[in-house]
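Data first, discussion second: the structure below is written as structure tokens.
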Amino acid sequence: MKGWTGRRLCVDLNSYKFWVEEIPKDNLERFVGGRGFNAKFFVENPPPSVSVFSPESPIAFSVAPLSGTLAPCSGWTSISAYSPLLDPPRYVHASMPGHWGPYLKFAGFDQLILLGKSENPIYIAIGDNKVRFEDARQLWGKDVLETTVSIQDQKEGRNAEVLCIGPAGENLVRFANVTNRLSWAGDHVGLGFIFGSKNLKALVVRGEKPVILDQPDRFLQLCHSLRERILHDRNASLLREEGPFFFLGRNGGGLGIKNYTQSSYPNQEERWRIEYLNKYLYGREGCFSCPIHCGRISQVNDNYFGGVHFESTWSLGPRIGIFDMERTLRLVRTCQLEGLDPSSFGSLVSWLMDCCDQGILSTRDIGSASYQWGDPEATFQLIERILDGKETGEIFRQGSSGVAKAFGKGLELVPHSGGLDLPARDPRSSTEYALSRALFPDVWDYLQSLPERHPTASSGRNGIVENVSLLQKLRILADMNSMCPLVVVRLQLVSESDIGQLISAATGIVQDSQKMEAAIYRTIQIESTLLGMEQRQNGDPLPLRFFGNPVEGSLLEEQIKVYNTRMESDGSSKQREC
Amino acid sequence: MNAISILPDLCTGCQSCEMVCSLSHEGVSNPEYSRIQVKKWPEIAVYIPIVCQHCEEAPCIITCPTGARKRVAKTGAVITDAKWCVGCKSCIYACPYEAPMIHPERKKTMTCDLCDGKPLCTEICTVGALSYTLDGKFSIERKMAFAPKIVPFPRSSRR
């Protein structure tokens, strides 16, 4: 088969058995790959009963026809499961950057389904036409770095791609994540918890199976012209220079500070960006086949580490009242090693500090520790507490919404949409973004609004709805093709027809814009069924905090100030001219 | 002598070079089919592309028992003649960079052929870690300066 492998690997951890299924050709064309494949699988194979701890709860990993090729920005992996952060668990989708997905393809599969629960800790090695269940008792308790290096150096080799959990996933922290190559995480929906609940320490893939292309020369030519386009784009150049920090101060402001009691000014964000770039940036990292290389390697004293994103630094920085980048980076690094999602952890800490600040939670609820705004030591202690489960640590493992429910306090202060933690961006900063969060809480996304003066942006009340709908379609297009949402959705440098041409050259099957559009709508429809139509129709209104509380230091005030200053200076210069 | 110059401090580990090499030489995509390989140490954020340096006094040519390793007159590239290669791996052991790779299907060694004078990996590398250096500009001193960067790992400034 060309482009696709047409094969799905199913692994049952209850019986330590695996089998390979053919994906019908019709489904390959109708759902393309990635998010489309996962939705189709879940709707055809609903789990018998889904509870948070159900070992039967499956988890699906999918790639697309362009994965594992030179197609720019095609290194992402689509992961779908029932999120343990939601009660009852709900179908969610996460996109993971990095290198793991292409290697699943090299192992010979378009999709991997994990079922059941292993009796003892294991890791699964996939490759060379084999699936091995390896004992992971020696790895249990090791952090993400030790796990990855041990697996590679002791048995699998440096060319194997490891996706693993840290102690957080093992201890069933619901906001634990899974990490590939120490930098790239599948997070925000509790995938680490699912790995932990299945006694699965890691998934290792490697393989020699080549991705066969229908027209290699044409494919190479198309890749070259797309890469050229990306390289010559101004925004892509900025993204290449500054990484994800590029968005700070260029998005019109509006990141939540101190649990969204305040909202950032553009110049505040810019200071945060410049401090990182000047003092802590060391080098760059790239996803598979990416011409942009937006991953950043940071340096703190003698430590060098990748995977630092403005989201994680903001979530463990200003969002919890810390304005010292070094302390923030130390917190981010600790979360990375332990396998905690820094954004969800930041959300929990900010809620906790807010509740303590307002006297909603007292020492009777949370024990001896005190959580004041901007206290890094208390935050480090909270990580330890969550991992060892002592005192109230067990409760904190449930994430901000779960903890608020367990205490029965501070529910209105939890920043969430549909039960999942909100990204750092304040929903009051953009109507499009707020509407996206309310409509599509199941897909964690901090970019769901079009940049100002974007050529495709519509204006007016209906324009906002049109923009949100367009962004959702583009997001599914990116996820369906396992491509980078930054390039497809935010920068819009790769269009439906570009992807269609690449797929046609790779697979030999004509995939025009019309077909792509139809596949997008199919995915939307199936996901609606999985989520329940009611959810889609009513949306998930944002928490009351965003309606009741006017934001301190709002963007509007800032804009008024800027306007007044400009008018004064313009006025005086005009008067001088007169 | 012509060769691909490597600045490992700039490599981000994206593997685009491997993909373009595999695609242009074999018409398929897989790093195992590529003549250039990126060695990875993500725990210290180090990625080093390894590719044949077409040495002046190439140890692979000296050690090859069948004479399969030879220099192409036009480009100066040292390549394997598949007709004579028996897959004994002598060239891999002799190479200071461990640059030759075994072809996954043919089981014979393969190395960079400089794409007939227009190496595609240098064109695809957008960070400048790879560049094509022509005769005379690629001294043995420069190579010797590069060698210690592989072990121990590079730690110089690379902003």
Side-chain angles (χ1 to χ4, degrees), chain A residues 67-72 74-75 99 102-103 105-106 145-146 148-149 152 158-159 161 180-184 206-213 215-217 219-220 223-224 227 230-231 240 277 281-295 297-299 303-307 506, chain B residues 7-34 36-50 98 101-107 115 118 120-129 153-159:
Chain A
S67 304
T69 70
L70 187 64
S74 60
H99 297 250
Y103 276 76
K105 187 90 167 275
F106 300 144
L145 191 151
E146 285 177 311
T148 307
V149 174
Q152 287 184 329
R158 285 278 169 170
N159 283 337
E161 286 297 333
N180 166 230
R181 243 191 225 190
L182 312 174
S183 296
W184 316 100
R206 63 166 298 165
E208 292 179 351
K209 292 238 163 65
V211 180
I212 298 162
L213 303 168
Q215 302 162 54
D217 293 340
F219 190 82
L220 187 59
C223 290
H224 270 306
R227 278 175 172 262
I230 292 171
L231 285 176
R240 193 162 58 246
L277 296 176
L281 175 65
Y282 173 70
R284 296 193 270 179
E285 266 187 316
C287 281
F288 192 88
S289 240
C290 180
I292 297 179
H293 319 269
C294 75
I297 297 169
S298 312
Q299 178 182 12
N303 276 323
Y304 299 85
F305 52 96
Chain B
L7 292 175
D9 289 358
L10 296 177
C11 179
T12 67
C14 77
Q15 298 177 261
S16 297
C17 51
E18 293 181 344
M19 286 296 95
V20 77
C21 181
S22 155
L23 186 59
S24 61
H25 285 89
E26 304 283 334
V28 297
S29 270
N30 189 310
E32 305 275 339
Y33 287 72
S34 162
I36 182 168
Q37 13 167 347
V38 180
K39 302 275 185 192
K40 303 153 222 163
W41 291 270
E43 68 273 25
I44 46 167
V46 169
Y47 301 96
I48 303 177
I50 298 290
E98 235 183 278
M101 286 187 76
I102 293 284
H103 192 285
E105 288 165 25
R106 296 195 285 271
K107 305 293 178 196
C115 296
K118 276 189 178 176
L120 288 173
C121 56
T122 59
E123 285 175 22
I124 213 82
C125 183
T126 51
V127 289
F153 304 111
R155 233 344 130 232
S156 55
S157 172
R158 61 166 168 181
R159 257 183 213 178

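Per chain, numbering begins at 1; letters A, B, ... match sequence-line order. Since the structure is predicted, the reported quantities are computational estimates derived from the model, not experimental observations.
Of all the heavy atoms in B:Met19 and A:Gly68, the pair that sits closest is SD-O, 3.6 Å. The two residues A:His99 and B:Gly13 make their nearest non-hydrogen contact at CE1-O, 2.9 Å. Counting all heavy atoms, side chain and backbone alike, A:Tyr304 lies closest to B:Ile44 at CB-O, 4.3 Å. Residues B:Tyr33 and A:Glu208 share a closest heavy-atom pair of CE1-O, 3.5 Å. When all heavy atoms of B:Glu105 and A:Pro210 are compared, the pair lying nearest together is OE2-CG, 4.4 Å. The minimum heavy-atom distance between A:Tyr103 and B:Pro31, with the atom names listed, is OH-CG, 3.6 Å.
A 4.5 Å side-chain heavy-atom check between B:Ser16 and A:Arg227 finds at least one atom pair inside the cut-off. By the 4.5 Å heavy-atom criterion applied to side chains, A:His293 and B:Leu10 are not counted as neighbours. Residues B:Pro104 and A:Lys209 have side chains not in contact (no heavy-atom distance under 4.5 Å, counting atoms from C-beta outward).
Proximity to chain B is limited to the side chain of A:Leu182, based on heavy atoms less than 4.5 angstrom apart. Of the atoms belonging to B:Ile124, heavy atoms from both backbone and side chain fall under 4.5 Å from chain A. With a 4.5 angstrom heavy-atom cutoff, A:Leu70 touches chain B via backbone and side-chain atoms both. Contact annotation for A:Asn159: both backbone and side-chain heavy atoms come within less than 4.5 Å of a heavy atom of chain B. Proximity to chain B (any heavy atom under 4.5 Å) is restricted, for A:Leu145, to the side chain, taken from C-beta onward.
With hydrogens and angles left out, the side-chain atoms of B:Thr126 and A:Arg240 include no donor and acceptor closer than 3.5 Å.
The structure places CD of B:Gln15 at 12.5 Å from SG of A:Cys290, a figure rounded to the nearest 0.5 Å. Atom CD of residue B:Gln37 and atom CZ of residue A:Arg158 lie 14.5 Å apart, to the nearest 0.5 angstrom. Rounded to the nearest 0.5 Å, atoms CG (B:Asn30) and OG1 (A:Thr69) are 12.0 Å apart. Note: A:Ile292 CD1 to B:Cys14 SG = 11.5 Å, rounded to the nearest 0.5 Å.
Taking chain B as the reference chain and counting heavy-atom pairs below 4.5 Å, the highest number among A:Gly207, A:Gly75, A:Pro102 is found for A:Gly207. Each of B:Glu43, B:Glu32, B:Lys39 has some count of heavy-atom pairs under 4.5 Å with chain A, and the biggest count is that of B:Glu43. For the set A:Val149, A:Ile212, A:Asn303, the entry with the most heavy-atom pairs within less than 4.5 Å of chain B is A:Val149. The candidate from A:Pro216, A:Gly295, A:Ser183, A:Gly306 with the greatest count of non-hydrogen atom pairs under 4.5 Å with chain B is A:Pro216.
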_Verdict with reasoning, A:Glu161 to B:Lys40, per side chain to side chain contact (heavy atoms under 4.5 Å, CB included)_ = CA-CA 11 Å; A:Glu161 286 297 333; B:Lys40 303 153 222 163; 4.2 Å; yes
